[in-house]
2 protein chains.
Amino acid sequence: MVALKSVVVSRSTLKRLPLYLHLVEGLYAQGVEHVSCTAIAKEFDFDPTQVRKDIEVTGEVGTARVGFSVTGLVIRIREFLGWNNAHDAFLVGAGNMGKALLGYKDFEKYGLNIVAAFDKDTRKVGSRIFGKEVLALSKLPNLVKRMHVHIGIVCVPAEHAQPVADLMINAGIQAIWNFAPAPLRIPEGVILENARLTQSLAVLTNNLTRKLNTTKE
Amino acid sequence: MVALKSVVVSRSTLKRLPLYLHLVEGLYAQGVEHVSCTAIAKEFDFDPTQVRKDIEVTGEVGTARVGFSVTGLVIRIREFLGWNNAHDAFLVGAGNMGKALLGYKDFEKYGLNIVAAFDKDTRKVGSRIFGKEVLALSKLPNLVKRMHVHIGIVCVPAEHAQPVADLMINAGIQAIWNFAPAPLRIPEGVILENARLTQSLAVLTNNLTRKLNTTKE
DNA sequence: TCCATATCGATATATTTTTCTCGATAAAAC
DNA sequence: GTTTTATCGAGAAAAATATATCGATATGGA
């Protein structure tokens, strides 16, 4: 055993790492070789120690007075996030959000390779969206098994989300990325990540409402 | 002064409130009149005390042995989140993500009313997407002022995000919902909320990678 | 009517996350 | 060659967040 990468890391840290990655990839493109925590922190208005602690989990070590190697950070963060080898994914629900995700070119850079889409609407089945086939939902279980697909993306309306998730899990899907505004019940061992825009929106509208109220008074 | 709604509340609480709201709206539709924290907590695998604390910020009070009024919760949570009167918003960038957001019918329920879209691509300008006009970006500043639009949604590629945000802020936009995978620099007082999918994806792919590694060993 | 119980609200404790402090070290300045 | 300074890594302190405890209270059943 070389390194113990299986450290459980807080969600907060995990969510900051892509920010750092984006930054250091930019620096790499510019030919910059080293970067300090202080510099990274300044970019995001974070505390330098926090940045150092975050980087620590990736296994990358820095040098005093020099900082961290930019290439080292790119490699280690990508590796830590599991973004070096993209995982195959199936998407269910070729509505607006589903289409938008299918059209997003950069997911492969973020560890995700959407292989095909599924829909129960027979009019959509057989078509292609951004080059990706839309298949009948009934085909999903067999294909998950045959192709060893790990990730399922749920983009269906709230009322269909649970049955779709169940279908995926029974087929052997190991992780679900849920865009439906519904809480999913999933068995232990299966990974669930909610990408609920309404939560983000709640933070925004609450802040805005408070701001408008306080400035008025 | 009646109630002091201007309490600053943690992001975590703010993000859980929409979950509760969704649940109690469902209960309301079923005709249920009261619900306890214990019941809500069970639904999401949260701690009942946490749910009680979250609800406390909305100003709704419960009754021992009975729980909280379902209608009371619906009203108070929606009010607290600022979802009773939708704020007008302009969206910039009518690409895939932009289109998906324009097509999302339910935003009005979540306090957001997308009034129009803007794009610098002259081929898109003049068209309509899901009934919403696509206008030239140069028209944005005047319209923000005339229509008193508060929210700006940034759906442009990373490299254009900052100039677009600057344009919005100079025009008087008070809150920005950012979908671009780029950190935005904004002046104090302006509200920024990032809806970055890559952060959510990072949590998912990291968990999955760890899971696959540990089960293999 | 009285007792058992579910639930609330308030307070206290525990845990997690963030920030601060400090000695060590490597590069740059003198 | 010595001093100064930026930065790291480790550990301590502070702040934020989540969980547990407990008395009060309202309902339902003995």
Side-chain angles (χ1 to χ4, degrees), chain A residues 3-4 7-20 23-24 27 32-73 76-77 80 183 194 199 202-203 206-207, chain B residues 3-4 7-20 23-24 27 32-73 76-77 80 199 202-203 206-207:
Chain A
L4 41 148
V7 199
V8 178
V9 163
S10 79
R11 265 189 83 80
S12 335
T13 291
L14 232 27
K15 289 172 83 174
R16 282 188 297 266
L17 287 172
L19 304 178
Y20 306 155
L23 178 69
V24 294
L27 294 176
V32 177
E33 290 189 357
H34 292 94
V35 64
S36 71
C37 288
T38 325
I40 298 178
K42 202 167 283 171
E43 201 69 24
F44 300 104
D45 259 311
F46 291 166
D47 186 281
T49 311
Q50 184 173 65
V51 175
R52 211 172 289 132
K53 290 245 152 95
D54 288 341
I55 289 175
E56 195 180 8
V57 307
T58 69
E60 183 68 6
V61 292
T63 323
R65 190 61 212 262
V66 178
F68 291 84
S69 147
V70 167
T71 49
L73 283 177
R76 293 284 196 152
I77 297 177
F80 186 78
N194 292 302
Q199 293 194 341
V203 177
N206 171 268
N207 283 336
Chain B
L4 40 147
V7 199
V8 178
V9 163
S10 78
R11 263 189 86 80
S12 335
T13 291
L14 232 27
K15 289 174 83 172
R16 281 189 297 266
L17 288 172
L19 304 177
Y20 307 155
L23 178 69
V24 295
L27 295 174
V32 177
E33 289 189 356
H34 291 93
V35 64
S36 72
C37 288
T38 324
I40 298 177
K42 203 167 283 173
E43 202 67 25
F44 300 105
D45 261 312
F46 291 167
D47 187 281
T49 312
Q50 182 174 66
V51 176
R52 210 172 291 132
K53 288 248 155 92
D54 288 341
I55 290 175
E56 195 180 7
V57 307
T58 69
E60 184 68 6
V61 292
T63 324
R65 189 60 211 263
V66 178
F68 291 84
S69 148
V70 167
T71 48
L73 282 178
R76 293 285 197 151
I77 297 176
F80 185 79
Q199 292 193 340
V203 178
N206 172 267
N207 284 336

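- The interatomic distance linking B/Ile40 (CD1) with C/dT7 (C1') rounds to 12 Å, in whole Å.
- Nearest nucleotide to the A/Gln50 side chain, out of C/dA12, C/dT18, D/dC8: C/dT18.
- Between the CD atom in A/Glu56 and the OG1 atom in A/Thr13 there is a gap of 10.0 Å [rounded to 0.5 Å].
- Rounded to a whole Å, the CD atom of A/Glu56 is 14 Å from the C1' atom of C/dT18.
- Residue B/Arg65 places its side chain closer to C/dA4 than to any other of C/dT25, C/dC8, C/dA4.
- Taking the side chain of A/Val61 as heavy atoms from C-beta on, and the options C/dT11, D/dC8, D/dG9, the nearest nucleotide is D/dG9.
- Where A/Ser10 and B/Ser36 meet DNA chain C, the nucleotide closest to each residue was compared, and B/Ser36 sits on the side nearer the 5' end.
- Taking atom CG on B/Asp45 and atom C1' on D/dT19, their separation rounds to 15 Å, with Å as the unit.
- Using a 4.0 Å heavy-atom distance criterion, B/Phe46 is classed as making no nucleic acid contact.
- Rounded to whole angstrom, the span from the NZ atom of B/Lys53 across to the P atom of D/dT19 amounts to 11 Å.
- Side-chain proximity of A/Thr38 to the nucleotides D/dA26, C/dT11, D/dC8 is greatest for D/dC8.
- In this structure, B/Ile55 atom CD1 and C/dC8 atom P are separated by 8 Å, rounded to whole Å.
- The side chain of B/Ser12 sits closest to D/dT17 out of D/dT17, C/dA27, D/dC8.
- Rounding to whole angstrom units, CG of residue A/Leu14 and P of C/dT16 are separated by 16 Å.
- You'll find that the side chain of B/Asp47 is closest to D/dA20, out of C/dC8, D/dA20, C/dA6.
- Side-chain N/O atoms of A/Thr63 include none lying less than 4.0 angstrom from OP1 or OP2 on C/dA26.
- A/Leu19 is listed as a side-chain neighbour of A/Phe46, based on a closest heavy-atom distance under 4.5 Å.
- Nucleic acid contact class of A/Thr49 (heavy atoms, under 4.0 Å, all strands): base.
- Here A/Arg16 lies in heavy-atom contact (under 4.0 Å) with sugar-phosphate atoms only.
- A/Asn206 places no side-chain N or O within donor-acceptor distance of the main-chain N or O of A/Ala202, the cut-off being under 3.5 Å.
- Screening B/Val57, B/Asp54, B/Leu17 against B/Val9 for a side chain to side chain contact (heavy atoms under 4.5 Å, CB included) leaves a single residue, B/Val57.
- Contact check for B/Thr63 versus B/Phe68: no side-chain heavy atoms found under the 4.5 Å cut-off.
- If you measure from atom CZ of B/Arg52 to atom P of D/dC22, you get 15 Å, rounded to the nearest angstrom.
- One atom, CZ of B/Phe68, and another, C1' of D/dA26, lie 14 Å apart when rounded to the nearest Å.
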